[in-house]
Amino acid sequence: MSRPPLLLLLLLLLPPGILAASWAAWMPPAVAGLAGSCASIPCRFSYPEELRPGSVQGLWYFGSPYPKNYPPVVARSRPGGVHESFEGRARLVGDPGVRDCSLELGPPLSAELGGRYYFRGDLGGYNQYSFSEHTTLQVLEAPVLEVPPEVVAGAVAELRCRVPDSCPRQRPRLRWEGARELPEVSEREWREDAAGAASVVSRLRFRARREDGGRNLGCQVTLPNASLAFSAAVALDVQYEPQVLEVSGPPEALEGSPVHLGCSAEGRPPPLLTWFRGPQVLREEPGAAALPLHLAQVSPADSGTYTCVAENRHGRHNRSLELHVAYAPRTPVLNGTFWVLAGEQVRLTCSALSHPAPILTVARGRRVVAAAVYERQVSLELAAAAPEDGGEYLCRAENQHGHSSAAFNLTVEYPPVVLPESRCAPVGEGLARCVCAAAAVPAPALAFELPALNGSVAEGHRDFALTWSAPGAARAALTLRGTDLEPRLAVLCHARNGHGSARVQLRFHHPAGLVWAKVGPVGAVVAFAVVIALVCYLSQSRRKKASGSPEVTPVTPAGGRDPEPRPLRVRWLRRWALGVGEGPGSAPPPEAAPPPPKPARGSPEEPPEYAEIRVK
């Protein structure tokens with residue numbers, strides 16, 4: 001099927017009645033042609049029918065429609081002069097008599113021919129009219145490549161090569177170069193006619209890849225029966241989402257030391273790089289290929305996940321690294337109950353922050369009572385607390401970077417216990433001193449009870465003295481004077497606190513039964529001399545007995561039989577003479593103790609143990 005003539009198309013496009021209405025012209029607003037080729041400007045015009053001219057002529061002006069401006073004449077329908085620039089290069093190919101004013105330029109077209117072209121109709125006499133409608137000619141040195149604003153990797157891209165088809169004698173042929181290696185490539189060619197300006201269009205479609213960035217694609221144009229060739233090329237700018245290539249930095253740093261982190265990325269367009277720690281933005285820079293991050297002196301708060309994010313309008317990508325800040329243990333934190341009653345359960349925890357995790361120990365003195373290795377918490381547990389569990393403890397945390405500790409006291413409260421040091425003892429002529437000591441938490445209140453006197457002595461009495469008091473014990477002294485020292489006087493130590501009380505009778509020895517208290521220091525020297533003399537006497541008696549000459553004569557009562565010897569032992573006598581005894585509360589030897597078996601008379605092995613001393 002043949003295409004309708006261009007003139008017929010122009011007639012169909014004219015508004016109804018334009019041919020009979022008034023002066024009017026129609027032509028494409030713009031026409032393009034390849035340099036060295038030709039270009040045709042289709043044109044139709046009209047004039048009032050009542051004029052009925054005998055002949056109709058026409059001419060083309062360049063640059064202006066008004067003769068008074070002396071524009072260059074491009075072409076005429078009747079013989080006449082034209083501007084030298086257009087001589088032999090422009091022809092009015094249409095017949096003005098039939099209202100056809102078409103103009104052909106070239107070959108060859110050159111750049112100086114580009115511009116505005118105006119038609120003027122001449123019907124004779126004063127019936128001449130310059131039309132304001134005009135066509136702008138553009139002379140091209142190469143085909144027009146239409147490249148999309150963005151070629152994005154992964155998406156389908158479409159390029160178009162457009163070349164004017166304005167020279168009827170030379171139809172252009174188009175071919176793509178550099179497209180063979182493109183994926184999913186396809187080509188299509190067609191002819192377009194926009195407002196009377198025809199062009200040939202070739203479309204190249206493919207799926208873009210990142211590696212296609214910078215690839216040269218070209219459109220080659222040839223004309224038949226001519227050596228002319230035109231080409232246009234473009235380097236593909238393939239845009240793609242960013243990619244973080246590398247993040248660098250140490251996985252661990254010591255507290256107080258500097259740390260340098262690095263991030264490198266690529267993307268098209270160049271991405272915005274940002275360093276994050278968690279949600280916090282640390283640093284950012286647009287259009288950067290690399291972004292360092294400097295931490296002058298790291299602390300434990302700087303530990304965490306550091307993320308480098310690269311983003312542009314096509315996407316976002318990130319990479320992360322973990323930074324651990326090593327540091328010595330912080331002061332341990334203690335939790336639990338530090339006060340219990342004896343018998344209750346104890347559970348205390350000691351925790352400390354550090355990196356790496358510490359070795360935790362709980363010690364009492366030099367004895368470790370609880371430990372945890374590479375843990376953040378250690379527990380001290382006692383099923384039933386005893387009084388001896390109370391006291392000061394030390395929780396210590398340590399790792400290779402240092403150590404720290406925290407001391408704490410465990411208070412175990414319990415009712416009073418009277419201590420063994422509680423007793424009474426003479427301190428001088430007619431004086432005795434009683435001590436009452438008790439252990440308890442909290443410290444007990446002490447008092448002396450005197451049942452024989454039906455009374456008690458406590459703090460505030462003139463004979464009562466609190467000699468020592470501490471959270472775990474107390475000691476008090478009572479001074480007894482001569483009038484109070486009865487032979488059977490009982491003294492009780494009474495201790496009490498909020499958890500209970502204890503009452504114990506003190507061991508008491510009356511001063512009247514002790515030689516030391518009666519004789520005083522001088523008497524003690526005499527008694528010591530008597531003891532020495534007695535020991536010497538007994539030794540001499542043994543020797544004489546062995547030789548048959550005894551110096552000690554047993555006491556014989558009237559009746560002629562040996563009396564029962566008194567159970568007075570020499571060892572106890574020596575201790576009694578020195579005022580020592582078996583202890584502060586020691587009693588004299590029992591009078592009713594059975595005597596040892598009496599040796600045979602004249603036996604030299606053993607002298608009598610109980611004897612009465614006589615001096616010859």
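The 12-atom threshold is exceeded at CD of Gln377, counting heavy atoms of other residues, nucleotides or ligands nearer than 6.0 Å. Within a 6.0 Å sphere centred on CD of Glu344, heavy atoms belonging to other residues, nucleotides or ligands number more than 12. Within 6.0 Å of the CG atom in Asn216, the count of heavy atoms belonging to other residues, nucleotides or ligands exceeds 12. By the 6.0 Å contact criterion, CD on Glu158 is enclosed, its count of non-hydrogen atoms from other residues, nucleotides or ligands being greater than 12. Other residues, nucleotides and ligands contribute only 12 or fewer heavy atoms inside 6.0 Å of the NE2 atom of His403.
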Step-by-step side-chain contact (heavy atoms from CB on, under 4.5 Å) determination, Tyr306 to Val247: CA-CA 9 Å; Tyr306 287 77; Val247 290; over 6 Å; no

side-chain contact (heavy atoms from CB on, under 4.5 Å) evaluation trace for Arg162 with Glu146: CA-CA 8 Å; Arg162 185 182 299 273; Glu146 298 177 358; 2.8 Å; yes

Ser186 vs Phe206, side-chain contact (heavy atoms from CB on, under 4.5 Å): CA-CA, chis, key distance, verdict: CA-CA 7 Å; Ser186 64; Phe206 60 95; over 6 Å; no

Pair Leu431-Arg433, side-chain contact (heavy atoms from CB on, under 4.5 Å): steps then yes or no: CA-CA 7 Å; Leu431 295 176; Arg433 189 170 184 267; over 6 Å; no

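Sorted by first and then second residue, the disulfide (SG to SG under 2.5 Å) pairs with a member in residues 254-334 read Cys263-Cys308; sequence neighbours excluded. The stretch residues 243-299 participates, sequence neighbours left out, in these ring pair (Phe, Tyr, Trp, His ring centres under 6.0 Å) pairs: His260-His294.
Looking at heavy atoms from C-beta onward, Pro416 lies out of side-chain contact with Val418 at the 4.5 angstrom threshold. Inter-residue side-chain proximity for Val378 and Pro332 is flagged as unmet; no heavy-atom pair is nearer than 4.5 Å. The closest side-chain heavy-atom distance from Val412 to Val441 is not below 4.5 Å. Taking 4.5 Å as the limit, some side-chain heavy atom of His401 sits within range of a side-chain heavy atom of Pro356. Contact of the Arg313 side chain with the Gln239 side chain is registered, since non-hydrogen atoms from C-beta on lie closer than 4.5 Å. Side-chain contact check for Leu480 versus Val491: some heavy-atom pair is nearer than 4.5 Å. With a 4.5 Å cut-off on side-chain heavy atoms, Val340 and Leu382 do not count as touching. Side-chain atoms of Val238 and Arg209, non-hydrogen and from C-beta on, never get closer than 4.5 Å to each other.
Taking OG1 of Thr331 as the start and CG of Leu353 as the end, the distance is 10.5 Å to the nearest 0.5 Å. Residue Leu334 holds its CG atom at 8.0 Å from OG of Ser351, rounded to the nearest 0.5 Å. With rounding to the nearest 0.5 Å, the separation of CG in Leu492 from CZ in Arg503 is 6.5 Å. Note that OG1 of Thr337 is 9.5 Å distant from CG of Leu410, once rounded to the nearest 0.5 Å. In this structure, CG on Asn318 lies 5.0 Å from OG on Ser320, to the nearest 0.5 angstrom. Considering CD of Gln505 and CD of Glu449, their distance stands at 11.0 Å, rounded to 0.5 Å.
When atom types are taken as modelled, the side chain of Arg319 and the backbone of Leu245 share a donor-acceptor pair closer than 3.5 angstrom. Under the 3.5 Å distance criterion, the side-chain polar atoms of Arg207 are matched with a main-chain donor or acceptor of Gly154. Panel note: side chain Arg376, backbone Ser354; a donor-acceptor pair is recorded below 3.5 Å. Judged by distance alone, with hydrogens and angles left aside, the side-chain atoms of Ser202 form no donor-acceptor pair with the main-chain N or O of Cys161 at under 3.5 Å. Side chain of Arg283 to main chain of Pro292: a donor-acceptor pair is present (N/O by atom type, distance under 3.5 Å, no hydrogens or angles). Listed for the Ser404 side chain is a donor-acceptor partner under 3.5 Å among the backbone atoms of Pro329. Of the possible donor and acceptor atoms, none in the side chain of Ser264 sits under 3.5 Å from a partner among the backbone N and O of Ala290. Of the possible donor and acceptor atoms, none in the side chain of Asn409 sits under 3.5 Å from a partner among the backbone N and O of Trp339.
Partners of Glu392 according to the side-chain hydrogen bond (donor to acceptor under 3.5 Å, both in side chains) rule, which considers only residues two or more places apart in sequence or in another chain, do not exist here.
Between Val325 and Pro300 the shortest heavy-atom distance is CG1-N, 3.9 Å. Between Tyr414 and Ala342 the shortest heavy-atom distance is CB-CB, 3.9 Å. The heavy-atom pair separating Ala385 from Leu341 by the smallest distance is CB-O, 4.4 Å. Closest non-hydrogen pair, Leu273 versus Ala288, comes out as CD1-O, 3.4 Å. Between Ala208 and Val151, the shortest heavy-atom distance links the atoms CB-CG1, 3.5 Å. For the residue pair Ala473 and Ala443, the shortest heavy atom distance occurs at O-CB, 4.1 Å.
For a disulfide, the SG atoms of both cysteines must be under 2.5 angstrom apart; this holds for Cys434 and Cys424.
Ring pair His355/His324 is parallel by interplanar angle, where below 30° counts as parallel and above 60° as perpendicular.
The residue from Arg210, Arg215, Arg268 that alone fulfils the salt bridge (charged side-chain N to carboxylate O under 4.0 Å, His left out) condition with Asp237 is Arg268.
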